[in-house]
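This report refers to the structure that appears directly beneath it.
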Amino acid sequence: MLYHFVYQFVQELSVFNVFRYITFRSFIGFLLSTLIAMVWGHFFIQFMKQKQFGQIVRSDGPQSHLKKAGTPTMGGIFIFGSVLLTLIFVGNYFSKPLWAVLFTGVSYFILGGIDDYLKVLRKDPTGVVPRAKLAWQFGTALLVCYFAYSTKIVSTELYVPFVKGSVMDLGIFFIPFGAFVIVGSSNAVNLTDGLDGLAIGPIITSASSLGLLAYVAGHKEIAGYLYIPYVEGAGELTVLCAAIIGAGVGFLWYNTYPAQIFMGDAGSLSLGGVLGATAVFTKNEFLFALIGGVFVIEAVSVILQVGSYKIRKKRIFKMAPIHHHFELLGWPEPKVIVRFWISSICLAILAIATLKLR
Ligand code: 57M
């Protein structure tokens, strides 16, 4: 709003010109989102405690988790809410990539919210049945990727790290490929969200990397210099990522060990979907596998564990996702969390370094 409202007075007062800049609006967005999330989070936790809307903890998990029962959840409401409120003030509504990514996030936020509502308020441990959850996720992702394909906002070329230029043109297969990235990211973040702060840390590092990559992708001269595809309007995703970083920092203030609030599926599914969609709309589908490497490892650990048990009737890990394996090895929860954060920071830095290694 500020961008569109203030911009018309820029002739009279040139200082308003600063609102044109993505970097300035990203910085303001980060500060605003952090503030909104910290204030909203404080009252949200009070409300959830008052209503006794707390997490049901499964008995078959690590015994150390049993004491977490009753911890308020659905923190995704104020995380995603802070991001949306911030974008109302600092966003540029003319960016098609921004609308497509936000549509994904809102759709997954509603799905996650319904799942949390059924589990927490209706005490139904199943929540939304997995088949219906996947159908909703793929339906949304295919629609968004079809929109990208039909409007030609992004090319169907495929780019991989360390290789200059595209490796192949996916053509119409860009649609299912992009949808797989978005749905995979959403579910991988959901699986990762199993320890205090474990998911929000890599979400913040991933949003930092993707925010930088969105800025260069949306800047014609810099994209040309770095041999990366130019995506018109992608720069606005930097403002979105800055708002996510701020909301993530505000949430982490309460979610850090011992957590006062969990993000719930409303948070994990929506934020994972937004990160995946941002990777698609900045042409970083493969690089995102590196940036979100912690999410990939968590998801792969589950696939390997389930596959091994089905084929060999033996487990590979003491328990999947892999963060539980380290817990059962005797690592205290904070040690598992911070070591996963360190890994995600290293992966994010490596991913940015690939910009120059082409
Ligand atoms: C998402 N949810 C957490 C919280 C959070 C197929 C199988 C791998 C599925 C997987 C599963 O159920 N995943 C669901 C993970 C849950 O967190 C809630 O869910 C939201 C995220 N969607 O926001 O509301 C628990 O995680 C803990 N937690 C924290 N701090 C946080 O900040 O401590 C969460 C956030 C919370 C809390 O205890 O209750 C979860 O773990 O369910 N299943 C599993 O992950 C289970 N693994 C398993 O069954 N492994 C098997 C096979 C299937 C691979 C095996 O290894 O053989 C583990 N999770 C649980 N119990 N709860 C282990 C058993």
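Both counts, for ligands and for their atoms, begin at 1 and track the order of listing. Just so it is clear, the values below take in all heavy atoms, side chains as well, and ignore hydrogens, waters and symmetry mates.
Of the protein's heavy atoms, Gly194 O, 3.2 Å lies nearest to atom 27 (C) of ligand 1. Of the protein's non-hydrogen atoms, the one nearest atom 56 (O) of ligand 1 is Ala320 N, 2.8 Å. Shortest contact from atom 17 (O) of ligand 1 to any protein heavy atom: Asp193 O, 3.5 Å. Nearest protein neighbour of atom 30 (N) of ligand 1, counting heavy atoms only, is Asp196 OD1, 2.7 Å. Remark: minimum distance from atom 22 (N) of ligand 1 to any protein heavy atom is reached at Asn190 OD1, 2.3 Å. Among protein heavy atoms, the minimum distance from atom 10 (C) of ligand 1 is reached at Leu191 CD2, 4.0 Å. Considering only non-hydrogen protein atoms, atom 45 (O) of ligand 1 sits nearest to Pro321 CD, 3.2 Å. The shortest contact between atom 12 (O) of ligand 1 and any protein heavy atom is with Arg58 NH1, 3.2 Å.
Within the listing of ligand 1, atoms 8 (C) sit less than 4.0 angstrom from a heavy atom of Val302. Numbered from 1 in the order shown, with element, the atoms of ligand 1 that lie under 4.0 Å from a heavy atom of His65 read 27 (C), 33 (O), 37 (C), 38 (O). Interface atoms of ligand 1 facing Met263, defined by a heavy-atom separation under 4.0 Å, are 23 (O). Contact atoms of ligand 1 toward Asn255: 32 (O) (distance under 4.0 Å to a heavy atom of the residue).
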For a ring-ring contact (aromatic ring centres under 6.0 Å, His included) check, start with the C-alpha distance between Phe19 and Phe24, then their side-chain angles and the critical distance, and finish with the verdict.
CA-CA 7 Å; Phe19 279 98; Phe24 178 78; 5.3 Å; yes

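Protein heavy atoms are found inside the 4.0 Å sphere centred on atom 41 (O) of ligand 1. By the definition of a contact as any protein heavy atom under 4.0 Å away, atom 3 (C) of ligand 1 is in contact.
The shell of residues lying under 4.0 angstrom from ligand 1, judged by heavy atoms, excludes Ala259.
Looking only at distances, no side-chain donor or acceptor of Asp116 sits under 3.5 Å from a matching main-chain atom of Met74. Using a distance-only test at 3.5 Å, with no hydrogens or angles considered, no donor-acceptor pair links the side chain of Ser185 to the main chain of Val181. The closest donor-acceptor contact from the side chain of Tyr93 to the backbone of Ile88 lies under 3.5 Å.
Checking Met319, Gln55, Lys68, His323 against atom 36 (C) of ligand 1, the nearest heavy atom belongs to Gln55. Of the listed residues (Val306, Ile303, Asp60, Ile337), the one carrying the non-hydrogen atom nearest atom 61 (N) of ligand 1 is Asp60.
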List the atom pairs, with distances to 0.1 Å, where a side-chain N or O of residues 317-324 and a protein N or O form a donor-acceptor pair under 3.5 Å, not counting sequence neighbours.
{"unit_1": "His323", "atom_1": "ND1", "unit_2": "Glu298", "atom_2": "OE1", "d": "2.8"}
{"unit_1": "His323", "atom_1": "ND1", "unit_2": "Glu298", "atom_2": "OE2", "d": "2.9"}
{"unit_1": "His324", "atom_1": "ND1", "unit_2": "Glu327", "atom_2": "OE1", "d": "2.9"}

Show every donor-acceptor pair shorter than 3.5 Å between a side-chain atom in residues 171-180 and any protein atom, with sequence neighbours excluded, or say none if there are none.
none

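Inclusion of Gly264 in the set of residues having an N or O under 3.5 Å from an N or O of ligand 1 is warranted. At a 3.5 angstrom cut-off on N or O pairs, Lys318 does not count as close to ligand 1.
For the residue pair Ser95/Glu236, the side-chain donor-acceptor check at 3.5 Å is not satisfied.
Ile203 places a side-chain heavy atom less than 4.5 Å from the side chain of Met263.
Residue Tyr146 places its OH atom among 12 or fewer non-hydrogen atoms of other residues, nucleotides or ligands, all under 6.0 Å distant.
Note: Ile153 CD1 to Trp99 CH2 = 13.0 Å, rounded to the nearest 0.5 Å.
In this structure, Lys283 fails the cation-pi test against Tyr159, since its NZ or CZ atom is not both closer than 6.0 Å to the six-membered ring centre and inside 45 degrees of the ring normal.
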